[in-house]
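Residue numbers begin at 1 in each chain, while the letters A, B, ... track the order of the sequences. Note that the structure is a prediction, hence the values are computed from the model and not measured.
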There are 2 protein chains.
Amino acid sequence: MTTQTAKSTKDRILDAAEALFAEHGYDGTSLRGVTGQAGVNLAAVHYHFGSKAALFEAVFRRRVEDVNAERLSKLDELEARGPEHPPSLEEVLEAFLGPVLRLSARRDDEGWRRFMQLVGRCNSVSGEHMEPLRQVFQQVAARFFPAFLRAVPHLREKDLYYRLHFLIGSMSTLIADPLRIQIHSEGLCRSDDPDEVLRHLVIYAAEGFRAPTPVR
Amino acid sequence: MTTQTAKSTKDRILDAAEALFAEHGYDGTSLRGVTGQAGVNLAAVHYHFGSKAALFEAVFRRRVEDVNAERLSKLDELEARGPEHPPSLEEVLEAFLGPVLRLSARRDDEGWRRFMQLVGRCNSVSGEHMEPLRQVFQQVAARFFPAFLRAVPHLREKDLYYRLHFLIGSMSTLIADPLRIQIHSEGLCRSDDPDEVLRHLVIYAAEGFRAPTPVR
DNA sequence: GTCTATAGACTGATAGAC
DNA sequence: GTCTATCAGTCTATAGAC
């Protein structure tokens with residue numbers, strides 16, 4: 001039996017704001033649109049959050065910790081096996097990508113998909129009040145950097161920076177619009193199966209990371 | 001000697017709109033901001049273009065043909081060598097990526113960099129009036145599809161759809177914010193050298209494309 | 001073609017009753 | 001905490017003089 005009470009005004013605002021910010025961006029979303037969809041009064045958003053910018057930040061803070069903690073915890077697990085069992089490149093890739101792709105495809109919580117859409121968007125939109133979001137994800141990437149370097153020791157740091165950037169680009173477009181790969185492939189690629197997407201991306205990126213260093 | 005006359009009102013509006021749309025997005029850009037930066041009257045934009053949406057479309061139409069014609073012409077060159085000299089995977093990748101990355105880094109025309117920023121953004125923003133732009137680029141990708149398939153014949157169509165999508169994601173983030181790779185790598189990667197970026201991406205993607213087909 | 005002036009609607013934010 | 005009412009500013013778009 002679900003004893004879940006009706007959601008609070010605050011949560012209803014957060015849910016509606018998350019959906020609208022993800023769909024239309026910061027500037028394309030009005031507080032009236034948010035409160036209309038949430039079924040609450042316009043003044044409530046200022047009472048609970050203070051301003052539109054603060055609401056946006058609250059939307060982002062609600063989930064960002066969970067996803068990145070999961071990625072770092074998976075990395076910790078890999079490194080806890082000790083120096084005689086270093087994690088493979090594929091394992092590091094899965095820890096880096098898996099939580100993001102799986103949360104983005106969760107069917108029981110549409111909010112996660114929307115949040116990930118927002119995260120993917122922040123990787124191509126510069127001034128849209130997403131600098132804090134971007135920074136947090138960048139810190140996680142920096143934590144993974146040495147793990148990747150150990151898994152692909154023939155690379156110079158410069159090469160790894162490039163390849164990690166390429167990888168983040170692929171991941172970002174996947175979560176910014178998960179349905180697109182399915183549409184463009186006319187249904188051949190299934191967006192609703194994160195494990196399949198993950199499998200393909202890990203194989204692709206692993207070979208890419210193992211490519212030789214450019215000579216010139 | 002440069003006999004370049006002063007730019008017309010129409011061109012000044014297009015230049016300012018391109019810069020502001022690229023920087024702040026469609027909703028984040030006001031016509032007053034555009035006309036202010038262009039040094040023209042607000043009513044001029046409606047006289048020359050009719051509406052904000054039409055101005056956005058004009059900004060996009062001004063350049064989109066050039067870049068994609070260059071990519072397709074390079075592909076035609078490769079295929080004109082005849083069936084006994086099929087283009088290599090690296091050659092197809094360079095035709096697909098080269099024009100985009102080089103125009104994005106042109107130093108003599110800041111407008112191209114801004115336009116490419118807009119293109120990169122359109123790959124992660126869904127509703128921002130960029131569907132036409134996205135469609136045009138998608139058509140080019142579809143033209144390249146069989147060329148890639150011939151260059152990597154061991155792949156199933158499904159695998160190629162995935163990998164092409166991954167590649168487009170990498171390319172999009174590169175042009176959406178060319179400086180980021182340089183900042184994150186603390187200067188190790190040079191954003192102002194498109195040939196270096198291209199070299200790294202081609203090597204990375206070529207090995208990724210050559211990866212074996214996932215088994216399961 | 002370029003300008004001023006303004007219409008008409010929407011924006012984020014706030015004051016104050018309950 | 002939630003509401004109404006409203007402020008002050010912005011927005012796109014247009015009418016009409018020059």
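- One interatomic measurement links the two molecules: CG of A/Leu31 to P of C/dG12, which rounds to 4 Å at whole-angstrom precision.
- Between A/Leu20 atom CG and C/dT11 atom P the separation is 12 Å, expressed in whole Å.
- Separation of the A/Phe56 and A/Tyr26 ring centroids falls under the 6.0 Å cut-off.
- Using a cutoff of 4.0 Å between basic side-chain nitrogens and carboxylate oxygens, A/Asp193 and A/Arg199 are not scored as salt-bridged.
- Screening A/Phe137, A/Phe145, A/Phe144 against A/Phe96 for a ring pair (Phe, Tyr, Trp, His ring centres under 6.0 Å) leaves a single residue, A/Phe144.
- For B/Asp27 and D/dT10, the CG to C1' distance is 14 Å, given to the nearest whole Å.
- A/Lys10 has its NZ atom 15 Å from the C1' atom of D/dT2, to the nearest Å.
- Judged purely by distance below 3.5 Å, without hydrogens or angles, the side chains of A/Gln139 and A/Arg143 never pair a donor atom with an acceptor atom.
- Place B/Ala53 and A/Tyr47 on DNA chain D by their nearest nucleotides, and A/Tyr47 ends up nearer the 5' end.
- Here A/Thr29 lies in heavy-atom contact (under 4.0 Å) with sugar-phosphate atoms only.
- Electrostatic pairing of B/Asp159 and B/Arg156 counts as a salt bridge here, judged by a charged N lying under 4.0 Å from a carboxylate O.
- For B/Asn41, taking side-chain heavy atoms from C-beta onward, the closest of the listed nucleotides C/dA13, C/dT4, D/dG1 is C/dT4.
- Protein atom NZ of B/Lys52 is 8 Å distant from nucleotide atom P of D/dA13, rounded to whole Å.
- When rounded to the nearest whole Å, the span between CZ of B/Phe56 and P of D/dA13 equals 14 Å.
- Closest to the side chain of A/Ala43, out of D/dA13, D/dT4, D/dG1, is D/dT4.
- Atoms CG (B/Leu42) and P (C/dA7) sit 16 Å apart, rounded to a whole Å.
- Between B/Thr9 and C/dT2 there is a side-chain polar atom (N or O) within less than 4.0 angstrom of OP1 or OP2.
- Among C/dT11, D/dT14, D/dT2, the nucleotide with an atom closest to any side-chain atom of B/His46 is D/dT14.
- As rounded to whole Å, 13 Å separates atom P of D/dA13 from atom CD1 of B/Ile13.
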